[in-house]
2 protein chains.
Amino acid sequence: MPKASKREQLLDAAKELLWEVGYEAMSPRDIQTRSAARPGSLYHHFPSKLALAGEAMSELAEKDIARIQGVFSGDAPAMETVGRYLLAKRDATRGCRFGRLVNEASIEHDELRGPVKAFFEAIRTHLAGTLARAQAEGTLPTELDAEKLAVTLLALVQGGAVLARTYKDESLARQAMEGALSLLAEASRGA
Amino acid sequence: MPKASKREQLLDAAKELLWEVGYEAMSPRDIQTRSAARPGSLYHHFPSKLALAGEAMSELAEKDIARIQGVFSGDAPAMETVGRYLLAKRDATRGCRFGRLVNEASIEHDELRGPVKAFFEAIRTHLAGTLARAQAEGTLPTELDAEKLAVTLLALVQGGAVLARTYKDESLARQAMEGALSLLAEASRGA
DNA sequence: GTCTATAGGGGGATAGAC
DNA sequence: GTCTATCCCCCTATAGAC
């Protein structure tokens with residue numbers, strides 16, 4: 001494995017800081033300190049802080065989308081997979097590393113919005129497909145709209161992160177998920 | 001009605017800016033410009049930007065909590081009230097004015113966290129009470145945990161705001177709510 | 001109670017040597 | 001490709017006149 005270039009070190013530092021403090025609060029100086037790089041290096045490799053952050057977010061999204069692919073693959077019953085996704089371990093008291101950025105002013109820039117949307121889209125698609133499969137398996141009433149329900153569950157996970165961060169308490173997110181799962185279980189009795 | 005004092009003008013400006021850009025991105029200069037006040041006035045009436053924002057948030061929460069009280073009062077069937085709350089008109093593409101602050105570093109300070117928690121608590125309590133009433137009315141299965149379900153719906157509204165802001169599209173929030181309502185309707189058939 | 005003036009520090013970025 | 005040195009602007013806050 002080749003020695004990490006300054007470029008990679010800068011990207012790694014940006015990824016860490018984006019998760020820890022977000023975009024606006026991450027200054028080029030912070031990035032430089034953490035990557036042991038100097039202003040010249042940052043602006044040699046990237047035209048701006050935004051460009052660096054955009055590339056960092058893009059790589060983070062790509063990696064997380066691949067990870068989530070794993071959660072939704074396999075041949076477990078569809079509703080079991082949905083449950084596994086909703087109850088997956090998350091560092092929820094820190095929020096969602098993608099959802100966190102949504103309220104920053106700079107989400108206006110596609111460099112940041114793009115990766116966030118890509119992340120959400122991947123989850124929504126997986127959920128919609130899995131819920132449709134549940135309907136085929138007879139564990140979810142076919143009167144329900146799988147696409148809409150996928151948006152509901154995606155929103156739920158994001159909202160759970162908001163509550164967990166607000167209360168500094170993971171259990172708020174867990175309660176939100178469990179409430180939804182009990183509702184899904186109840187509805188499935190009519191399938 | 002007495003002429004607005006600089007103090008009130010400063011609070012009003014802070015309220016507007018907290019909604020438009022959030023806390024960190026709202027500079028004392030912005031507040032001063034919008035309220036036609038000068039640095040001296042701001043720091044005469046408030047010890048810091050944080051104290052001003054805290055008081056502004058506190059007043060905003062108080063007002064919104066009173067408004068929401070209205071949504072949950074009246075003698076409509078409980079599940080109808082829940083639907084009314086979930087589908088209430090929101091400026092969702094801008095996010096939730098309370099949930100928005102949760103990801104800022106300064107949420108660490110109780111001046112900001114307090115009002116946000118108070119807002120969430122008020123909604124959670126109203127939802128839990130209304131869902132319990134639905135169970136008494138026979139429109140929600142008693143096996144479900146009304147308290148947990150209240151957290152679920154609170155999270156859902158927050159998540160809907162995150163999605164709507166991400167996609168600059170209110171319909172994402174609406175889909176999330178409709179999905180949840182269809183699930184509640186389905187579950188209620190077993191009540 | 002409101003004003004003018006200003007301070008100290010950090011923000012994002014650039015120039016140019018090596 | 002990485003470094004040192006530096007720029008200009010805005011951030012939050014303070015001092016003290018009116």
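Chain letters run A, B, ... following the sequence lines, proteins first and then strands; every chain starts at 1.
Taking the ring pair (Phe, Tyr, Trp, His ring centres under 6.0 Å) definition, one finds that B:Tyr167 meets it with nothing, sequence neighbours left out. Contacts of A:Lys6 classified as salt bridge (Lys or Arg N to Asp or Glu O under 4.0 Å), with partners at least two apart in sequence or in another chain: none. Under the side-chain contact (heavy atoms from CB on, under 4.5 Å) criterion, B:Ser188 pairs with no residue, sequence neighbours left out.
Each of A:Pro39 and A:His45 was matched to the nucleotide of DNA chain D holding its nearest heavy atom; the match closer to the 5' end belongs to A:His45. Positionally, the nearest nucleotide of DNA chain D for A:Ala36 lies more toward the 5' end than for the other of A:Ala36 and B:Gln32.
Contacts between residues 15-31 of chain B and DNA chain C, defined by a heavy-atom separation under 4.0 Å, are absent.
Salt-bridge check for B:Glu20 with B:Arg94: failed, with every basic side-chain N at 4.0 Å or more from each acidic carboxylate O. Note on A:Glu108 versus B:Lys168: salt bridge recorded, some NZ/NE/NH1/NH2 to OD/OE distance being below 4.0 Å.
Summarising the geometry, the separation between CZ on B:Arg38 and C1' on C:dT4 is reported as 9 Å, rounded to the nearest angstrom. Here C:dT4 presents its P atom at 16 Å from NE2 of B:His44, a figure rounded to the nearest Å.
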Q. Please walk me through it: do B:Val157 and B:Arg90 pass side-chain contact (heavy atoms from CB on, under 4.5 Å)?
A. CA-CA 10 Å; B:Val157 172; B:Arg90 295 181 179 88; 3.7 Å; yes

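The backbone N or O of A:Tyr23 lies less than 3.5 Å from a partner atom in the side chain of A:Glu104, making a donor-acceptor pair.
For DNA chain D, the span of nucleotides reached by chain A at under 4.0 Å from its heavy atoms goes, 5' to 3', from D:dG1 to D:dA5.
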Show me the side-chain donor-acceptor pairs of residues 78-89 of chain B shorter than 3.5 Å, one per line, residues at least two apart or across chains.
{"from": "B:Thr81", "atom 1": "OG1", "to": "B:Pro77", "atom 2": "O", "distance (Å)": "3.4"}
{"from": "B:Arg84", "atom 1": "NH1", "to": "B:Val71", "atom 2": "O", "distance (Å)": "3.1"}

